[in-house]
Amino acid sequence: RIQFTPDLLPADLTGTLIFSPKDSEFKVRKGPLFSNLVLADEINRAPAKVQSALLEAMQERHVTIGNDTYPLPELFLVLATQNPIEQEGTYPLAEAQVDRFMLKVRVSYPSKAEERAILERMAGSQQTPTPQKVATPQQIAHARQIVSQIYIDEKIKNYIIELVFATRDPEGHKLGAHKHLLAYGASPRATIALAQASKAFAFLNGRGYVTPEDVKSIGPDVLRHRLIVSYEAEAENITSEHLIQT
């Protein structure tokens, strides 16, 4: 877990070269990115140059320190939380950075029952629960192999492509009313992510094939952060969430 703060530096994530007086040479000290699961907590508290330090790691799965490139672990996943953009002291993520995340899940306030459970757990006399190991890296790698074998029909592939292209060319897909509301549509990464996420969703539901309902169910999480709304849409309080639903 990395707590993102305004004074964080890119080297605090990736690592840096440290001079060793004993050996009279520079040695590599790898940063916390060299882990299986990386949680970037409050990612938009850090400035853009720190956020951008994740670009190479998330896309290329390696990190460059000095003149050398070091591969990240085979199992590497970045999770991030962010505060609402309206709050003070936050830096919006750049479009290129946001596009590296496969999914964006909105977390609202808990229900009364959930908040009561939080109260009992954290403010009561009960001991803080300790995490239990639920899977090994080998099991996760095996699950990935199974997900890659989930069948996706040609018609489903065409359906995914049509969805993504509709965000780039609303007029050509009989959505002309939305043309002035979208500044930029989804990138090719959205097409790849939508197909992969749909296969994973089908796998989690115990099926070996993807259905249109899988695409519809996971689609908002894949697209909501990839659609850039125009100034006109912001003036009318229209969000990407609204455009996806319509």
Side-chain angles (χ1 to χ4, degrees), residues 4 6 40-52 54-55 58-59 78-112 114-115 155-201 210-246:
F4 275 54
D41 201 8
E42 296 185 310
I43 189 172
N44 59 340
R45 289 289 186 199
K49 64 179 181 180
V50 179
Q51 297 171 6
S52 298
L54 291 170
L55 286 173
M58 295 176 69
Q59 185 64 41
V78 175
L79 307 170
T81 65
Q82 67 174 358
N83 295 85
I85 300 300
E86 301 80 27
Q87 289 193 3
E88 292 291 333
T90 58
Y91 302 83
L93 272 69
E95 289 85 351
Q97 175 66 44
V98 171
D99 202 21
R100 260 65 173 187
F101 287 96
M102 175 183 274
L103 307 172
K104 179 180 179 179
V105 180
R106 292 192 179 277
V107 181
S108 60
Y109 284 113
S111 65
K112 289 183 179 180
E114 291 168 340
E115 193 136 354
K155 293 181 180 179
I156 303 294
K157 292 180 183 178
N158 291 334
Y159 176 49
I160 290 172
I161 291 172
E162 289 298 323
L163 282 175
V164 174
F165 267 72
T167 68
R168 303 175 194 167
D169 180 24
E171 256 188 325
H173 290 77
K174 301 179 181 179
L175 296 171
H178 295 334
K179 182 180 179 181
H180 71 288
L181 300 176
L182 274 171
Y184 298 99
S187 70
R189 284 194 186 91
T191 307
I192 299 169
L194 194 49
Q196 291 178 334
S198 298
K199 292 166 74 171
F201 192 79
V210 176
T211 68
E213 290 303 318
D214 294 328
V215 181
K216 292 179 183 178
S217 297
I218 204 68
D221 294 336
V222 175
L223 296 175
R224 67 164 53 96
H225 56 299
R226 290 185 163 96
L227 303 187
I228 310 301
V229 297
S230 63
Y231 290 114
E232 291 89 341
E234 291 181 356
E236 298 176 25
N237 290 323
I238 296 175
T239 64
S240 61
E241 191 85 26
H242 176 266
L243 296 177
I244 291 170
Q245 297 299 331
T246 55

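Since we're looking at a predicted model, the values are computed, not measured.
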Any side-chain heavy-atom pair of Glu236 and His242 under 4.5 Å: no

Practice item. Using atom types as modelled and distance alone, determine if a side-chain donor or acceptor of Asn83 lies under 3.5 Å from a backbone N or O of Asn44. Key: no

Sorted by chain and residue number, the salt bridge (charged side-chain N to carboxylate O under 4.0 Å, His left out) partners of Lys157 (sequence neighbours excluded) come out as Glu154

message: Using the rule given for side chain to side chain contact (heavy atoms under 4.5 Å, CB included), can you reason through Ile238 versus Leu243, listing the C-alpha separation, both sets of side-chain angles and the distance that settles it, and then say yes or no?
response: CA-CA 8 Å; Ile238 296 175; Leu243 296 177; 4.0 Å; yes

Evaluation steps, salt bridge (charged side-chain N to carboxylate O under 4.0 Å, His left out), between Lys112 and Glu115: CA-CA 5 Å; Lys112 289 183 179 180; Glu115 193 136 354; over 6 Å; no

Heavy-atom check, side chain of Arg226 versus side chain of Asp99, under 4.5 Å: yes

Value for CG (Leu223) from CG (Leu103), rounded to nearest 0.5 Å, stands at 10.5 Å

Self-check item: Donor-acceptor contact below 3.5 Å, side chain Gln82 vs main chain Leu93
Solution: no

Under a 4.5 Å cut-off applied to non-hydrogen side-chain atoms, are Leu54 and Ile43 in contact? yes

Tightest non-hydrogen contact, residues Pro6 and Pro47, listed as O-CD, 3.6 Å

Q. Just checking, any donor-acceptor pair under 3.5 angstrom between side chains of Ser230 and Glu232?
A. yes

When every non-hydrogen atom of Thr167 is compared with those of Val164, the smallest separation belongs to OG1-O, 2.5 Å

Which of Asp214, Val210, Thr211, Ile161 passes side-chain contact (heavy atoms from CB on, under 4.5 Å) with Ile156? Answer is Val210

key: Expected output: side-chain Thr90 to main-chain Arg45 donor-acceptor under 3.5 Å   = no

Check whether any side-chain heavy atom of Phe201 lies under 4.5 Å from a side-chain heavy atom of Val215, and answer yes or no.
-> no

Item to complete: Taking the side chain as every heavy atom from C-beta outward, state whether Leu182 and Leu227 have any atom pair closer than 4.5 Å.
Response: yes

Minimal heavy-atom distance between Phe4 and Ala46, with the atoms involved, is CD2-CB, 3.5 Å

**Message:** Any heavy-atom pair between the side chains of Glu95 and Tyr184 that's under 4.5 Å?
**Reply:** no

So CG of Leu194 and CG of Asp221: to nearest 0.5 Å the spacing works out to 10.5 Å

Taking every heavy atom of Arg168 against every heavy atom of Ser187, the minimum-distance pair comes out as NH2-C, 3.3 Å

Task: Side-chain donor or acceptor of Gln97 paired with backbone N/O of Ala94 under 3.5 Å - done: no

Original post:
Taking the side chain as C-beta and beyond, is there a heavy-atom pair between Met58 and Phe101 under 4.5 Å?
Top reply: yes

So CG of Asp169 and CD of Glu162: to nearest 0.5 Å the spacing works out to 10.0 Å

Note: Ile218 and Ala197 closest approach over all heavy atoms is CG1-CB, 3.8 Å

Any side-chain heavy atom of Tyr91 sitting closer than 4.5 Å to one from Lys49? no

Value for CZ (Arg100) from NE2 (His225), rounded to nearest 0.5 Å, stands at 11.5 Å

Minimal heavy-atom distance between Ala186 and Ala190, with the atoms involved, is CB-CB, 3.5 Å

